[in-house]
2 protein chains.
Amino acid sequence: MNVQDSCIIRHFSHFCRLSDDDKKLLRRLEESPEQVKAGTVLWQEEDRASEFCTLSRGWAYSYRNLGDGSRQILEIYLPGDIIGLREFAFSQRLAGVAMIDDGVVCHFPHRRLLEIFNQSSTLTAILFAISSRQQALLTERLINLARRTAHQKLAHFIYEMFLRLLQTGALSDGDFRLPLSQEQLADTLGLSAVHVSRTFSAFREQGLVLRERHHVKLPDPEALARVAEFDDCYLNDSVRPIFFDGTEAAMRLTNAHSADEGPVPK
Amino acid sequence: MNVQDSCIIRHFSHFCRLSDDDKKLLRRLEESPEQVKAGTVLWQEEDRASEFCTLSRGWAYSYRNLGDGSRQILEIYLPGDIIGLREFAFSQRLAGVAMIDDGVVCHFPHRRLLEIFNQSSTLTAILFAISSRQQALLTERLINLARRTAHQKLAHFIYEMFLRLLQTGALSDGDFRLPLSQEQLADTLGLSAVHVSRTFSAFREQGLVLRERHHVKLPDPEALARVAEFDDCYLNDSVRPIFFDGTEAAMRLTNAHSADEGPVPK
DNA sequence: TTTTTCCGATAACCCAGGTTAATCAAGCCT
DNA sequence: AGGCTTGATTAACCTGGGTTATCGGAAAAA
């Protein structure tokens, strides 16, 4: 049973060891893979919403166009993420989604989720956990946008991406691809593209972030985290929850991670 | 079977007609009601998180204290809301919660939710819908804080509260109690208290909002919505979803509302 | 190869909203 | 009654970041 072939399964295994039935259910979400090119719009605001999407390869983002012609980027999706959960309760899309990179997506109908609710309370709990984690991310971003200076905003965003990529095991040192233009960053952070440029210049002088094309290097990630006043308890291991508290043996937490790494000290 | 006695049940019935078993499950959430006074802190950031809370009476808010001594108010809870869902995936609280008003809250353990996942896929779907709706609210707030002017922020907030109160049936015209101080509003909107005051003054002159003590009057709610560039599709009837798409007869959408009002046109 | 397009850098100017501070009205205590 | 505290208002001043504009370099198109 190869786990590598599905980043959804890898993603879910993060929370809890999965039974074969669970894995089968998850694999059904990825029945219809589709290649999509950078810039492709998966859907737009107010489109009818009747399905979701898993992202198997490439990056994507969701956005809202605002009245004045500007737009706000809401979310950056990485491989293994489910796109559109946000709209579970709605019949219309609340936000558009577009590909940043070339990639592969798999559409699946609304119904599949209800099947999961019916057939696996483990997966249900994990879905709930994912959704709650997304809310935590969103909340942190809200604070970031509402309260912090441009320097902190940009530092925070970069560091958050750094951590997310670390978690998916996609990188080891502070050196990674960040395929967003400065304009996209500006739309994400509620800044002007000009000011993003200014801020990168400042970071370069301080040796905090070296950006070139679609590539960034963080000589000292910790320093960046300090600038951002980054509070990582919303992202990291505290996501390894007591959320299966023994009601059923089958639901007991057996974290895929701890199997790999042994119990984490500290 | 009296529905009035539980605002949770009323809240859930909004989405879907409930079976008696479902109602019984919900009532278990409210087994231990507790009176709490205005200002009471239900819990603080980083407290251990092992239970949730329903709010039966009064208003509450969640907040985060920031490094520089300021704080961000994240969410305003009204009667019928579940507090703490955000932390489902976490073992620590990510935000503090405090009462605005005197009120009544009911704690229930983490385990209750898992029971619901196991025993009722209808309730599970509704919980998911609530969580997705909360995310939609959060997203809208994010845009509000990231992108709009002080006037728009305040207008947006007031109008959103107006709509939420309308939905719970707590009011009919544009005339309601808003028990938040200007400082709390400032903390919610990422403004200074001084500027909130300035903005209220401007609104008063324009006849948009008349605020006095903890009471606001909206002579022309539509005008306010226009100032706020309010997009109500994230809050209103589109929350009446196709999210039960016929997989099971039992899960078919039979909206409690439409029973009251007859099928809604348009 | 040349042309066009896109992306980023830098500079000059300006304003929305933060900060500080003074003042006032309304409960609250004793 | 008189002091205290808490919230709201208004004014004076300042700054972070928006806006506009210009320029250079790299990639994509021709």
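Heavy-atom basis, side chains included; hydrogens, waters and symmetry copies ignored. Throughout, a chain's letter reflects where its sequence line sits, starting with A, and its residues are numbered from 1. A quick note: this is a predicted structure, and the numbers were derived from the prediction, not measured.
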Residue A:Val194, side-chain atoms from C-beta onward, closest of C:dT19, C:dG8, D:dT19 =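 Of the options given, the side chain of A:Val194 lies nearest D:dT19.
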Rounded interatomic separation in angstrom, taking [atom1] from [X] and [atom2] from [N]:
| X | N | atom1 | atom2 | answer |
| --- | --- | --- | --- | --- |
| B:Glu183 | D:dT5 | CD | P | 17 Å |
| B:Arg204 | D:dA8 | CZ | P | 12 Å |
| B:Leu145 | C:dG17 | CG | P | 13 Å |
| B:Arg211 | D:dA8 | CZ | C1' | 8 Å |
| A:Leu185 | C:dC7 | CG | P | 12 Å |
| B:Leu189 | C:dG18 | CG | P | 10 Å |
| B:His214 | C:dG27 | NE2 | C1' | 12 Å |
| B:His215 | D:dG7 | NE2 | C1' | 18 Å |

Which of parallel (below 30°), tilted (30 to 60°) and perpendicular (above 60°) describes B:Tyr61 and B:Tyr63?
-> tilted
Hey, can you tell me if A:Phe162 and A:Tyr159 have their rings parallel, tilted or perpendicular (30° and 60° cut-offs)?
-> tilted
Inter-end axis angle, the helix from C:dT1-D:dA30 to C:dT30-D:dA1, with every axis fitted to five base pairs (rounded, 10 degrees) |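 Comparing the axis at each end, I get an angle of 40°.
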Kindly say whether the aromatic ring centers of B:His215 and B:Phe176 come within a distance under 6.0 Å.
-> no
Is the distance between the ring centroids of B:Phe52 and B:His107 less than 6.0 Å?
->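 Ring-ring flag for B:Phe52/B:His107: false, centres at least 6.0 Å apart.
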B:Ser201 vs D:dT10: side-chain N/O to OP1/OP2 distance below 4.0 Å |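 B:Ser201 to D:dT10 OP1/OP2: side-chain N or O found under 4.0 Å.
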Output yes when at least one side-chain N/O atom of B:Gln182 is less than 4.0 Å from OP1 or OP2 of D:dT6, else no.
-> no
Basic-acidic side-chain contact under 4.0 Å: [X], [Y]:
| X | Y | answer |
| --- | --- | --- |
| A:Asp231 | B:Arg64 | yes |
| A:Glu140 | A:Arg148 | yes |
| B:Asp187 | B:Arg71 | yes |

Comparing nearest nucleotides in DNA chain D, the 5'-proximal residue of the pair B:Val196, A:Arg213 is B:Val196
Does a side-chain heavy-atom distance below 4.5 Å link A:His11 with A:Ile130?
->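 Of all side-chain heavy-atom pairs linking A:Ile130 with A:His11, at least one is under 4.5 Å.
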Would you mind reporting whether B:Arg164 and B:Gln167 have side-chain heavy atoms less than 4.5 Å apart?
->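 When only atoms from C-beta onward are counted, B:Arg164 and B:Gln167 do not touch, as no gap falls below 4.5 Å.
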So which protein N/O to nucleotides 15-17 of chain D N/O distances come out below 3.5 Å?
residue, atom, partner, partner atom, Å
D:dG17, OP1, A:Ala150, N, 2.7

Looking for any heavy atom pair under 4.0 Å, which part of the strands does B:Ser197 touch: base, sugar-phosphate only, or nothing?
->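 B:Ser197: base contact, heavy atoms under 4.0 Å.
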